[in-house]
Structures are given as C-alpha cells and as structure tokens.
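Working notes, structure below.
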Protein chains: 2
Amino acid sequence: MENHKCIDCEFKSSASKILSSEEFDILEKNSALVFFKKGDIIFKQGALSTNVAYLRTGIVKIHKRGVSHEKILRIAKSPSYFGIPTTFGDKINQYAATALEDSSVCFIDSNLFRNFIFKNGKFAYELIVELCENELNDYERYANQSQKQVPGLVAETLLCIADKIFNSSRFNFPLSQSELADLVGTSRESISRILSDFSANKIIAFNGKELNILKRDVLEHISEKG
Amino acid sequence: MENHKCIDCEFKSSASKILSSEEFDILEKNSALVFFKKGDIIFKQGALSTNVAYLRTGIVKIHKRGVSHEKILRIAKSPSYFGIPTTFGDKINQYAATALEDSSVCFIDSNLFRNFIFKNGKFAYELIVELCENELNDYERYANQSQKQVPGLVAETLLCIADKIFNSSRFNFPLSQSELADLVGTSRESISRILSDFSANKIIAFNGKELNILKRDVLEHISEKG
DNA sequence: TTTAAAGTGTGATTAATATCACATATACTA
DNA sequence: TAGTATATGTGATATTAATCACACTTTAAA
C-alpha cells in the first residue's frame with residue numbers, strides 16, 4: 001500500500017467531494033491504492049466482495065461470463081466508482097473488472113463506505129444519483145439491443161466510446177475487435193465486416209489503433225435507424 | 001386524494017420501515033394515493049418527473065419507446081418503488097409505467113424524498129441496496145439477451161415471472177403475447193410458435209389466461225442453454 | 001531476429017428469426 | 001345479441017447474422 005492523501009487526490013468522485021476532513025482522514029486509513037497494467041484483472045467474478053472499487057485513473061471493462069462466452073457490460077473511465085452494484089447488491093461479485101490501459105484503483109473498505117452512507121446524506125444522495133443515471137443508461141442500451149440491427153449497435157457503441165470515454169472524435173481505440181464484439185453482443189467477424197464497410201465508406205478511419213470518426217452525422221444516422 | 005395513514009400501511013417499502021413517526025407524518029402530508037385500472041398509464045415517458053412512485057398494490061410494466069416500437073424493460077410487483085431511476089437520474093421521465101392489473105400507487109414529493117435521503121442514512125442505504133440489486137439483475141438479463149436464442153429467453157422470462165412476481169408455478173399471466181414479445185425482445189409470431197411448442201411438449205399449459213408450469217426442470221434447462 | 005500467439009479478414013454455408021399476409025378465435029362494446 | 005376490435009395462429013418467404021474454415025497480419029515473447 002502506497003502512502004497517499006485522499007484529501008489531496010485530484011481524481012475525487014462527485015460523492016467524495018462532500019466528505020469532511022475527518023472523513024477523509026478515516027478514508028485514507030481504510031483504503032488501498034493499487035496500480036494495474038493493461039490486461040490485469042482488478043476483481044474477479046465469483047469472488048467475495050468486501051470493498052468498493054474506485055477508478056482513480058485509467059479505463060476498465062466491466063464484464064461477466066454469459067451462457068457461452070464473456071459479455072462486456074460497460075466500459076468505465078476515471079474518475080468513477082465501478083464496483084458499487086456488486087458490493088452492495090450481493091455478497092459475491094456478479095461481474096469482473098479488467099484494466100484496458102494502465103490504471104490506478106482505490107479499494108475502499110465496504111464497512112467504512114457503508115458508514116459514510118449512514119452518516120453523510122449528501123454523500124449517499126450523490127451515489128443514488130449516479131446509480132440512477134447508470135440504470136437509465138442500461139435501460140436505453142437494453143431497449144436498443146433488441147431493436148437495432150448490428151451495424152446500428154456498432155455505430156451507437158463507437159459514438160458512446162467517443163463521447164463518454166474520450167470526449168473526442170479521434171482516440172486510441174481501447175478494445176480489440178473481439179472485445180468490441182463482446183460489448184456490442186455480436187461475433188468478431190461481423191465487427192470486422194462492419195468496420196471495413198464504415199472505413200470503405202469513409203465514415204471512420206483507423207490508423208493503427210487510432211480511430212477517427214470522419215462523418216459523425218452519418219454514424220449518428222446509422223445508430224438512430226438501427 | 002384519499003385520506004390515508006402511511007404509518008399504518010401494510011405495504012411499506014423496506015426503506016420506509018426505517019422512518020420515524022415524525023417522518024411518517026410528513027410523508028403523509030406530501031404524498032398522494034392514486035388508484036389505477038388495468039391498462040391505465042401511471043406516468044408517461046417524456047413528462048417532467050417531480051415525484052417518486054411507490055407501488056402499494058398491483059403489478060406494473062416499465063416500458064419505453066425503442067427505435068421502432070415499445071420495449072418493456074421490466075415488470076414491477078408491489079410493494080416496491082418503480083420510479084426512482086427516472087426521478088433522480090434525469091429531469092424528464094426516461095420511461096413510462098402502465099398498470100397490468102388494478103393497482104394503487106403512492107406518489108411522493110421528490111423534494112421530501114430527497115430530504116429523507118439527506119437526513120436518514122439507513123433509509124438511503126436501503127435505497128442504494130435496492131438500486132444495486134436492480135443493476136445486477138439488469139446486467140444478468142443484458143448478458144443473456146445477446147447470448148441466448150429466443151426460446152431460451154422465453155423460458156427465462158416465464159421462470160422469472162413465476163418466481164419473482166407470483167412466487168408460484170400457476171398464475172394468471174399478466175401479459176398478452178404481444179407484450180411478452182416486447183419484454184423478451186422478439187416478434188409476437190415467435191412467441192406464439194414457442195408457447196405452442198412448449199404446450200405441445202407438455203412443458204407448460206395454458207387454461208385461458210392461467211399459465212401452469214408443468215416441467216420446471218425442462219424450462220430451466222432451456223433457459224440455461226439459451 | 002525468429003518463433004509463437006493473438007488478432008483480423010474473407011468467402012461460403014447454415015441457422016435463426018423477422019416479416020408478410022391472411023385467417024380464426026376471443027374479448028369488448030353498443 | 002351482434003358488431004367491432006384485439007389477440008392469436010400459421011404458412012411462406014426474406015433477411016440478417018452466426019458459424020466454419022482457413023489464410024494473412026500484427027504483436028509479443030524467447
């Protein structure tokens with residue numbers, strides 16, 4: 001465990017900004033800052049969940065074993081919590097998390113976290129708002145999953161990654177095509193064909209791992225129509 | 001608005017059991033008990049969300065407009081909250097709710113609800129636990145959606161309704177086949193064919209609207225294999 | 001630098017399900 | 001009770017995407 005001052009952290013969550021100095025002192029003594037390399041597993045599905053994971057820097061994929069293979073549920077970027085549902089929703093981790101790039105994670109003792117919720121209503125409220133926003137996002141994607149065809153889903157996912165993760169139309173794509181397939185819910189061959197089509201039509205362009213969205217309006221149209 | 005004593009309500013939420021007498025008095029003055037008939041819309045997608053809906057008695061479907069048609073996100077049975085995500089996650093309702101049978105709903109002023117969260121950590125904690133459990137359920141269904149074939153999804157949905165809504169293998173099915181199709185994410189013709197198959201194989205039996213699960217283990221197997 | 005592993009591309013085939021059109025059955029309303 | 005609306009059943013066809021097999025490219029490790 002590395003020495004660190006939580007109160008000085010420049011990657012605080014919205015919720016934790018509410019905490020008092022005393023609460024920060026306690027937080028510091030009951031949490032651990034751990035560094036992960038790209039590809040490292042941060043926590044495993046099926047393990048006991050005894051702390052809350054907070055992504056200080058980096059990007060992680062939240063994934064779980066489906067009927068036949070892995071499903072990537074969502075991508076989380078820093079700074080944000082990414083383990084609250086599996087810590088407070090069940091005693092065992094219902095999903096796993098893996099670093100998509102070098103990342104730093106704070107593990108916070110769940111009893112301490114629970115105490116913050118009990119004692120700090122504003123902190124609790126910020127968490128509730130974040131959980132509600134996540135649920136609405138899930139509902140949106142869930143509705144789209146069954147009503148859009150695969151190209152629409154791919155377009156939607158590319159736009160989502162550009163806007164929500166990188167806030168840019170040009171970025172290093174954090175996933176392999178197999179992983180993108182697991183996120184979208186299709187096969188890696190379909191992904192290959194669709195990305196080739198998008199490239200051939202000059203909608204997007206890959207330069208190595210760097211993706212550039214050339215015709216955002218066309219991608220939005222494909223996404224909306226499904 | 002009908003006179004009612006919230007503290008005497010036999011359908012309290014887990015969260016509201018935490019409230020004090022004073023809090024119950026305030027709750028009573030800032031909420032409305034409304035009755036809905038089967039088919040009535042409880043709140044609409046796109047409307048402003050200014051209160052929290054609590055399902056006191058009955059069953060409702062949570063649904064939203066997808067790309068091409070309605071998607072039923074989930075079924076909620078009493079007693080439970082069914083509007084928290086859309087009230088605290090956004091200013092506008094991101095989904096709608098409709099009664100599947102005659103129901104009674106308490107509408108609670110969202111500012112009051114927020115104050116309960118701020119002032120009552122245990123109340124907030126119960127809500128967070130419920131939101132986390134819902135998110136885990138969403139993740140499970142979301143993973144299954146893309147990895148199971150339609151018969152597996154139908155089997156899974158029938159078992160879910162039996163266990164989570166009616167807690168029985170025999171019950172009045174609350175949905176039409178079109179609605180079941182909207183919940184599962186398929187076409188009503190596929191539902192008709194699959195239910196006929198299940199009936200022909202004596203896995204389930206319909207007697208009018210009453211559904212009887214005859215071979216639960218077979219249905220579970222179909223659900224698991226997808 | 002070479003070898004091995006992982007990732008991607010592509011063509012052909014198969015499978016699953018949507019869609020369409022229409023008929024029949026059931027439920028609801030006047 | 002009769003008429004209307006909604007729900008369901010069914011056959012045929014079309015569409016979409018998965019699967020399979022294999023080859024090629026890129027990345028990583030020895």
field: Separation of atom CG in A:Asn172 from atom P in D:dT27, rounded to whole Å
entry: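 Computing the A:Asn172:CG to D:dT27:P distance gives 12 Å.
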message: So if I take residues 138-148 of chain A and measure heavy-atom distances to DNA chain C, which residues fall below 4.0 Å?
response: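 Hits under 4.0 Å, by residue number: none.
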query: For A:Glu101, what residues pass the side chain to side chain contact (heavy atoms under 4.5 Å, CB included) criterion, not counting sequence neighbours?
result: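 If we apply the side chain to side chain contact (heavy atoms under 4.5 Å, CB included) test to A:Glu101, skipping adjacent residues, the hits are A:Ile59, A:Ser103.
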query: Which residues satisfy the side chain to side chain contact (heavy atoms under 4.5 Å, CB included) test with B:Gln147, sequence neighbours excluded?
result: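 Only A:Val67, A:Ser68, A:His69, A:Lys71 meet the side chain to side chain contact (heavy atoms under 4.5 Å, CB included) criterion with B:Gln147.
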- request: Evaluate the side-chain proximity of B:Tyr139 to A:Asp138: yes if any heavy-atom separation is below 4.5 Å, no if none is.
  value: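 They are in side-chain contact.
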N/O donor-acceptor pairs under 3.5 Å from side chains in residues 167-174 of chain A, not counting sequence neighbours:
| residue | atom | partner | partner atom | Å |
| --- | --- | --- | --- | --- |
| A:Ser168 | OG | A:Arg170 | N | 3.0 |
| A:Ser168 | OG | A:Arg170 | O | 2.8 |
| A:Arg170 | NH1 | A:Glu210 | OE1 | 3.4 |

Shortest non-hydrogen contact between A:Ile72 and A:Glu179, atoms and distance: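 Looks like CD1-O, 3.5 Å.
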query: Any idea which heavy atoms bring A:Gly185 and B:Ser146 closest together, and the distance?
result: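 Here A:Gly185 and B:Ser146 meet closest at CA-CB, 3.9 Å.
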ring-ring contact (aromatic ring centres under 6.0 Å, His included) assessment of B:Tyr95 paired with B:Phe82: CA-CA 10 Å; B:Tyr95 53 80; B:Phe82 63 102; 8.4 Å; no
task: Determine whether the side chains of A:Thr57 and A:Ser78 contain a donor N or O and an acceptor N or O closer than 3.5 Å.
output: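 Not at all, the side chains of A:Thr57 and A:Ser78 share no donor-acceptor pair under 3.5 Å.
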Listed partners of [X] passing side chain to side chain donor-acceptor pair (under 3.5 Å), at least two apart:
| X | value |
| --- | --- |
| A:Ser110 | none |
| A:Glu220 | A:Arg216 |
| B:Asn144 | B:Glu156 |
| B:Asp90 | B:Gln94 |

- request: Give the B/S/- string for nucleotides 5-11 of chain D, one per nucleotide from 5' to 3', where a protein heavy atom under 4.0 Å of the base yields B, of only the sugar-phosphate yields S, and otherwise -.
  value: ---BBBB
message: For the helix from C:dT1-D:dA30 to C:dA30-D:dT1, what angle separates the axis at the start from the axis at the finish, each from five pairs, in steps of 10°?
response: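 Inter-axis angle at the ends, rounded: 50°.
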query: Along DNA chain C, 5' to 3', what are the outermost nucleotides having an atom less than 4.0 Å from a heavy atom of chain A?
result: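 The protein-touched segment is C:dT8 to C:dA12.
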message: Assuming nearest nucleotide by heavy-atom distance, tell me which of B:Lys38 and B:Ser187 is located more 5' along DNA chain C.
response: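 The residue closer to the strand's 5' end, by nearest nucleotide, is B:Ser187.
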task: Only counting residues at least two apart or in another chain, list the ones meeting salt bridge (Lys or Arg N to Asp or Glu O under 4.0 Å) with A:Glu140.
output: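 Salt bridge (Lys or Arg N to Asp or Glu O under 4.0 Å) list for A:Glu140, sorted by chain: B:Lys64.
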